[in-house]
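Below is one structure; the comments refer to it alone.
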Amino acid sequence: MKKSVLLLLVMFWFSTVAAAQGQQNLEIDISGMECKFCAHNVKNNLSKLDGVKQVTVDIDKGVASLVMAPGKQANVEHIKNLITKAGFTPGDVRMTEDTP
């Protein structure tokens, strides 16, 4: 019984690690966001991008964090254009290790 539980836990851990491999995480500085509606607008626009798994926006820090689905790569210029079209100014883009 104990070996079965241990085996299941190990299999679950390996499947979780395998799913996270190839996942791209980005942080994008955004200026011009002043309210929750601004953050909501940015989040909705970025969430519609192909391959985006998760988006979080922190208006206090002026940062949007994106998690791409495994195997999907972000098109940084396209992301910056969407932010600009939404009425904000995109800044630096950084690759991160942690999910938002």
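- With salt bridges taken as basic N to acidic carboxylate O contacts below 4.0 Å, none links Lys61 and Asp29.
- For Glu77, there are no side chain to side chain donor-acceptor pair (under 3.5 Å) partners at least two apart in sequence or on another chain.
- The side chain to side chain donor-acceptor pair (under 3.5 Å) search around Asn75 returns none, not counting sequence neighbours.
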- request: Might you work through the side-chain contact (heavy atoms from CB on, under 4.5 Å) test for Ile83 and Thr89, ending with a clear yes or no?
  value: CA-CA 7 Å; Ile83 293 168; Thr89 305; over 6 Å; no
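- Every residue two or more places apart in sequence or in another chain was checked for a salt bridge (charged side-chain N to carboxylate O under 4.0 Å, His left out) with Asp58, and none qualifies.
- The structure places CD of Gln23 at 10.0 Å from CE of Met68, a figure rounded to the nearest 0.5 Å.
- Between the SG atom of Cys38 and the NZ atom of Lys43 there is a distance of 15.0 Å, given to the nearest 0.5 Å.
- Between Thr96 and Leu26, the closest heavy-atom pair is OG1-N, 4.1 Å.
- When the salt bridge (charged side-chain N to carboxylate O under 4.0 Å, His left out) test is applied to Asp50, the partners found at least two apart in sequence or on another chain are Lys72.
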task: Could you walk me through whether Val67 and Val52 pass the side-chain contact (heavy atoms from CB on, under 4.5 Å) test, one step at a time?
output: CA-CA 6 Å; Val67 177; Val52 171; over 6 Å; no
- request: List the steps, then state whether side-chain contact (heavy atoms from CB on, under 4.5 Å) holds for Val57 with Val55.
  value: CA-CA 7 Å; Val57 178; Val55 177; 4.2 Å; yes
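- Asn45 approaches Ala86 most closely through the heavy-atom pair ND2-CB, 3.8 Å.
- Rounding to the nearest 0.5 angstrom, the gap separating the CD1 atom in Ile59 from the NZ atom in Lys36 is 7.5 Å.
- Leu66 pairs with exactly one of Asn25, Val93, Leu46 by the side-chain contact (heavy atoms from CB on, under 4.5 Å) rule, that one being Leu46.
- Not counting sequence neighbours, His78 has no partner by the side chain to side chain donor-acceptor pair (under 3.5 Å) test.
- When all heavy atoms of Met33 and Val63 are compared, the closest pair comes out as CE-N, 4.2 Å.
- Between the CZ atom of Phe37 and the CG atom of Asn44 there is a distance of 8.5 Å, given to the nearest 0.5 Å.
- Not a single salt bridge (charged side-chain N to carboxylate O under 4.0 Å, His left out) links Lys80 to another residue, sequence neighbours left out.
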